[in-house]
Number of protein chains: 2
Amino acid sequence: MGKLPAKTVERLSEYRRTLINCMNHGKEYIYSHELAQFHHKTAVQVRRDIMLMGFSGVQRKGYKVKEMIDAIGRILDYKNGQNVGIVGIGHLGTAILQYFTGKRPKLRVVAIFDVDEKKTGREINGVHCYHVDTIPEVVERENIDLGIITVPPEFAKETAEGLINAGIRGILNFTTVPLNVPEDVYLEEYDMITSLEKVAYFARG
Amino acid sequence: MGKLPAKTVERLSEYRRTLINCMNHGKEYIYSHELAQFHHKTAVQVRRDIMLMGFSGVQRKGYKVKEMIDAIGRILDYKNGQNVGIVGIGHLGTAILQYFTGKRPKLRVVAIFDVDEKKTGREINGVHCYHVDTIPEVVERENIDLGIITVPPEFAKETAEGLINAGIRGILNFTTVPLNVPEDVYLEEYDMITSLEKVAYFARG
DNA sequence: ATTAAATTGTTAATTTATAAACAAAAAGAT
DNA sequence: ATCTTTTTGTTTATAAATTAACAATTTAAT
């Protein structure tokens, strides 16, 4: 099946977050305009995204929450799940690790890496912490597909290279250093400073 | 002066990051295609962004790094700077705080807020930690324009309301809960799960 | 039953964002 | 000096994303 537009994928992920919350509150159906309001989007856009993923609602009743969660899962989740490794267990790495535990069963953080001997060899949040030097073996053995990089900027490049050589398929880079990856590795970069500078720019007249 | 497109503002912020790095390495001029390569963009886009902000380069030599940093500063930085408050000093809040210290003199983290008595009343990374109950006074007294929310999801809504009532102009929300803000408050939301789910989706065939 | 109101699904239009194209100018080579 | 190459700046074209428009359908009300 052909890939959906990146923007639609992002929104589906956001919708699912809200839908799960709705389900936990016992909500059975949801209208496109309700979902839209949560995410500051238009109802048309929500319906269009839903159409693109091949799901259908019930006219005059909206979308069945539980079914739609499953439908998004069929798009976003890989059959047996994907394994994730986090490199750099400082504050940011730990925040991400905590964030994930128990939230997305199909995205499992199965290993974390650091250089600090106070951390390596121990478990943090139920996940074993390995030394970064063991990335090649551990990525192979634990079948890790995706890497999250939260190391200090000066180690960003070599960390990425290590992960790529170990056979990783996707990288989420939180360092301030832009990376280069081969064509067959998907790279996503996020810089908090940019986000805040954007807020700062638009938060004034 | 009219506002630039949001995408251009984001890229200018990213360019500046790289330019500062170039300057620190003694680089005097940079070509549009060099800057483009760093950020996985096209040279045309870089030149267009530069044009939109009203800056000019030197033909056959490129852009003067130092001058361009200043030019971006005239766009992104507010005259006397803007003050920032972080609410929630868990791992994520601390990571952001560390990230910022000494990096952007015009974006000053002047206060952090928490409920934990082990943290309130003390200094963390050189910034005083206040109890969240004192947000109204501290925001007023310290002239805080921008708020970063890194509290547990169940407190996201009330935190935002508190900041808004205290007169904040912009919010960067890192919680998993979508917020609602009045028209005159700029809101930016970021969810790590969405980023990783996007990577997971595109990192497979 | 009939009508009115509400909501989905989809096509068409619009807007925004990106890329292509190319003139103009500067540097260097001949 | 003249020509060639390189790179900027800007316009025009293309592509992507969003919004508008509206038919189809269902529910509820009269």
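Lettering follows sequence order; numbering is per chain, from 1.
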Once you apply a heavy-atom cut-off of 4.0 Å, does A:S32 come out as touching a base, just sugar-phosphate, or nothing?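 Sugar-phosphate, no base atom in range.
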Listing, residues 86-98 of chain B side-chain donor-acceptor contacts under 3.5 Å, not counting sequence neighbours, or none:
{"from": "B:H91", "atom 1": "ND1", "to": "A:H91", "atom 2": "ND1", "distance (Å)": "3.0"}
{"from": "B:T94", "atom 1": "OG1", "to": "B:G90", "atom 2": "O", "distance (Å)": "2.6"}

Whole angstroms only, please: what is the CD-C1' distance between A:Q45 and C:dT16?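 Rounded to whole Å, this separation is 13 Å.
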Calculate the interatomic distance between A:I50 atom CD1 and C:dG9 atom P; express it in whole Å.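 So the CD1-P distance, A:I50 to C:dG9, works out to 7 Å.
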Rounding to a whole Å, what distance do you find between B:R48:CZ and C:dA21:C1'?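 These atoms are roughly 14 Å apart.
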Out of curiosity, A:K64 NZ to A:L19 CG, how far, rounded to the nearest 0.5 Å?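 Output value for this atom pair is 14.0 Å.
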What class does the angle between the rings of B:F202 and A:Y186 fall in, given that below 30° is parallel, 30 to 60° is tilted and above 60° is perpendicular?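 Parallel, since the angle between the ring planes stays under 30°.
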In whole Å, I'd like the distance from the CD atom of A:Q59 to the C1' atom of C:dA5.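 Atom-to-atom, A:Q59 to C:dA5, this comes out as 13 Å.
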Can you confirm whether more than 12 heavy atoms, excluding those of A:Y190, are under 6.0 Å from its OH atom?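 Yes, enclosed.
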In this structure, are over 12 heavy atoms from other groups packed under 6.0 Å from B:K157 atom NZ?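 Result for NZ/B:K157: open.
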Quiz item: A:R60 side-chain donor-acceptor pair to C:dA5 base, under 3.5 Å: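 Such a pair is found, so the answer is yes.
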Less than 3.5 Å apart, which donor and acceptor atoms pair up between the side chains of residues 141-148 of chain A and the rest of the protein, not counting sequence neighbours?
none

B:V44 side chain, from C-beta outward: closest of C:dA21, C:dT10, C:dT8: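 Ranking C:dA21, C:dT10, C:dT8 by closest atom to the B:V44 side chain puts C:dA21 first.
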Earlier contact from the 5' end, DNA chain D, for B:I30 and A:V58: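 Looking at the nearest nucleotide for each, B:I30 comes out on the 5' side.
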Could you tell me the separation between the CZ atom of B:R47 and the P atom of C:dA24, rounded to a whole number of Å?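 It works out to 16 Å between those atoms.
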Span of DNA chain D, from the first to the last nucleotide whose atoms fall under 4.0 Å of chain B heavy atoms: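 So the outermost contacting nucleotides come out as D:dT5 to D:dT10.
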Spacing of A:E34 atom CD relative to C:dA6 atom C1', expressed in whole Å: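 These atoms are roughly 13 Å apart.
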Neighbour count above 12 (heavy atom, 6.0 Å) for B:E140 CD: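 No, CD of B:E140 has 12 or fewer neighbouring heavy atoms, counting only those of other groups under 6.0 Å.
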Could you state the atom-to-atom distance from CE of A:M51 to C1' of C:dT7 in whole Å?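 The answer, rounded to whole Å, is 16 Å.
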Whichever of A:R11 and B:K61 has its nearest DNA chain D nucleotide further upstream toward 5':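 Of the two residues, B:K61 wins.
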